[in-house]
Amino acid sequence: MRTDVSKKPAQPDTGATQPDTVKMKIKEVVKPGKLFINGKFVNALSGKTFETINPATTEPLTTVAEGDAADIDLAVKAARKAFDEGPWPRMNARERGKIVSRIGDLIAEHAEEFALLDSLDNGKPLNETRNVDVPLSVEVFHYYGGWADKIVGETIPVNGPFLNYTLREPVGVVGQIIPWNFPLLMAGWKLAPALACGNTVVLKPAEQTPLSALRLAELCLEAGLPEGVLNVVPGFGPTAGAALAGHREVDKVAFTGEYLTGQEVMKAAAKNLKRISLELGGKSPNIVFDDVDLDAAVKGAMRGIFFNQGEVCCAGSRLFLSEKIYDEFVGKLVDEAKRLKVGDPLDPSTQMGAQVSQDQLNRITGYIEKGKKSGARLECGGERAEVPGLKGYFVKPTVFSGVKNEMTIAQEEIFGPVVAALPFEDLDDLAKRANDSIFGLAAAVWTSDIKKAHSLARKLRAGTIWINCYNMFDAASPFGGFKMSGFGRELGAHALELYTEVKSVWVAL
Ligand code: ADP
């Protein structure tokens with residue numbers, strides 16, 4: 001992602017920090033949320049609502065209708081009808097592509113509104129929502145808009161007097177369950193390829209961050225998406241999420257979240273053998289050799305772990321450092337981490353905002369305590385950060401050194417700004433140690449030796465390998481996990497496989 005958390009952002013101050021301007025803007029963009037079913041905003045059948053919280057203040061932002069199994073059923077029926085009878089899967093692919101692309105245009109036109117919505121709802125810095133979440137969301141719709149009329153079958157030379165060819169058809173009704181760490185962007189990663197392939201969708205945003213997905217639904221309608229093609233049902237995991245994963249009229253479920261939830265989703269999906277793709281957690285190794293530009297690698301390590309408050313599934317949370325540079329590297333990292341500005345997400349100079357929720361804060365501080373008890377050395381951070389005027393869930397960037405791979409803080413996903421530094425001596429057992437994790441989402445190698453870099457890239461069991469960089473994403477490049485980080489690849493041409501069925505057609509000649 002094009003952000004560098006170790007540098008002061010160059011973004012001009014747009015006045016967002018001036019309280020009156022902010023209050024006005026917040027009033028303009030934050031509206032009570034409803035369910036979006038069959039092209040209309042409606043209340044939940046139960047009439048229930050829940051509050052979505054601003055993690056920087058801990059105050060409620062607004063109320064949102066709380067969907068449950070009954071609402072999911074309505075949404076699935078709308079998506080089913082739109083798929084079975086509506087124009088979306090049947091229209092000219094190029095026309096469909098234009099509509100998907102237009103969704104990207106409309107996000108771009110409302111960039112500032114989306115940036116503010118996600119920063120308010122999630123607690124992440126405006127500097128990041130403006131420069132990462134929103135532009136990458138625009139791109140993913142433009143990218144898949146371009147794919148819509150390029151999804152082709154094959155002609156296969158079979159034995160006998162037959163013409164055999166394949167069709168790539170949409171899977172049908174797709175249930176998409178997304179997390180709270182990149183609310184708009186995760187919606188984009190899921191929706192853009194699914195829609196481009198001609199599917200209809202029921203999307204369940206995370207209960208912590210439902211606002212941008214609802215606004216997006218409105219813009220999708222404006223872009224020309226027919227009614228019922230996209231339905232958005234905010235609600236909680238065990239009710240709305242589980243109902244969607246288990247619904248028999250849903251053909252496929254795509255899920256991003258914790259691996260334990262992924263297991264539940266998989267079980268529920270087994271009821272009708274839904275197609276399923278899972279993008280789950282990680283404990284990604286970030287490996288630094290002694291032959292690199294240390295300052296560049298320190299910046300990379302900073303970006304790897306502190307970007308998005310560490311609430312990133314592919315965060316570089318296990319930092320393997322060559323013994324020869326270990327002390328110097330940890331020293332530099334600690335200096336940088338102490339300088340990182342933790343602050344008001346709406347202040348454009350803020351580099352790290354608030355963690356998303358009290359639960360998340362508890363989880364992170366719980367792991368920090370475990371780290372201290374396990375004998376790892378707390379080099380910096382390790383506690384809540386005080387931000388003047390705000391009582392939100394802020395945590396100081398935290399570095400542990402002297403970590404052993406078997407310690408809990410090197411094995412379990414913390415999903416916060418906590419990095420575990422581990423020394424290594426030589427190449428021999430490095431890949432084995434780096435692979436010693438239930439996860440396999442991403443890994444990075446910093447070295448100027450191309451042989452070392454590429455041979456490790458082969459040995460590391462992870463879906464993405466970054467060499468001399470970290471957290472790079474592009475709509476065209478596949479992303480997904482090995483092992484318990486899930487399966488299926490999002491983005492790029494690979495995501496088209498998730499959202500199409502292959503049909504073989506035989507013609508007797
Ligand atoms: P986190 O712990 O980071 O919130 P989760 O995996 O719990 O991650 O949440 C990711 C998404 O999965 C959210 O939209 C959440 O509501 C949903 N979810 C949680 N539990 C379930 C479940 N049992 N079935 C389906 N979806 C769920």
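Only a predicted model underlies this, so the values are computations on that prediction, with no experimental measurement involved. Both ligands and their constituent atoms are indexed starting at 1 by order of listing. All values below come from the heavy atoms of this structure, side chains included, with hydrogens, waters and symmetry mates left out.
Under a 4.0 angstrom heavy-atom cut-off, L244 registers as lying outside contact with ligand 1.
In the model, T200 has no side-chain atom that pairs as donor or acceptor with a side-chain atom of K81 under 3.5 Å. Between Q360 and Y393, the side chains place no donor N or O within less than 3.5 Å of an acceptor N or O (distance only, hydrogens not considered). In summary, the side chains of T209 and N122 do not present any donor paired with an acceptor at a separation below 3.5 Å, with no hydrogens or angles considered. Defined by atom type and a distance below 3.5 Å, a donor-acceptor pair is present between the side-chain atoms of K274 and N272.
In terms of polar-atom proximity, I177 is not counted as a contact of ligand 1, lacking any N or O under 3.5 Å from an N or O of the ligand. At least one N or O atom of W180, backbone or side chain, sits closer than 3.5 Å to an N or O atom of ligand 1. At least one N/O-N/O distance between T261 and ligand 1 falls below 3.5 Å.
Of all atoms in ligand 1, listed by their number and element, those nearer than 4.0 Å to a heavy atom of T256 are 10 (C). Near G237, meaning under 4.0 Å from one of its heavy atoms, ligand 1 places the atoms 16 (O), 17 (C), 18 (N), 19 (C), 20 (N), 21 (C), 22 (C), 24 (N), 25 (C), 26 (N), 27 (C). Of all atoms in ligand 1, listed by their number and element, those nearer than 4.0 Å to a heavy atom of A206 are 14 (O). Those atoms of ligand 1 with a heavy atom of G241 less than 4.0 angstrom away are 24 (N), 25 (C), 26 (N).
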**Request:** Kindly indicate, with the supporting measurements, whether the criterion salt bridge (Lys or Arg N to Asp or Glu O under 4.0 Å) is fulfilled by D251 and R80.
**Result:** CA-CA 10 Å; D251 300 291; R80 192 76 260 168; 2.8 Å; yes
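If you check which protein heavy atom lies closest to atom 2 (O) of ligand 1, you get E258 OE2, 2.5 Å. In this structure, the protein non-hydrogen atom closest to atom 24 (N) of ligand 1 is A242 N, 3.4 Å. Scanning all protein heavy atoms for the shortest distance to atom 14 (O) of ligand 1 gives I178 O, 2.8 Å. The protein atom (non-hydrogen) at minimum distance from atom 15 (C) of ligand 1 is E207 OE1, 3.6 Å. Among all non-hydrogen protein atoms, the one lying nearest atom 12 (O) of ligand 1 is F255 CE1, 3.1 Å.
Few gaps surround CZ on R363; more than 12 heavy atoms of other groups in view lie less than 6.0 Å from it. The neighbour count for K370 NZ, taken as heavy atoms of other residues, nucleotides or ligands under 6.0 Å away, is above 12. K404 NZ: 12 or fewer foreign heavy atoms inside a 6.0 Å radius.
Counting protein heavy atoms under 4.0 angstrom from atom 9 (O) of ligand 1 gives zero.
Using a 30° and 60° split on the angle between ring planes, F307 and F182 fall in the tilted class, from 30° to 60°.
Here Y143 pairs with W147, A475, A476 under the side-chain contact (heavy atoms from CB on, under 4.5 Å) rule; sequence neighbours left out.
At a heavy-atom distance under 4.0 Å, no atom of F415 approaches ligand 1.
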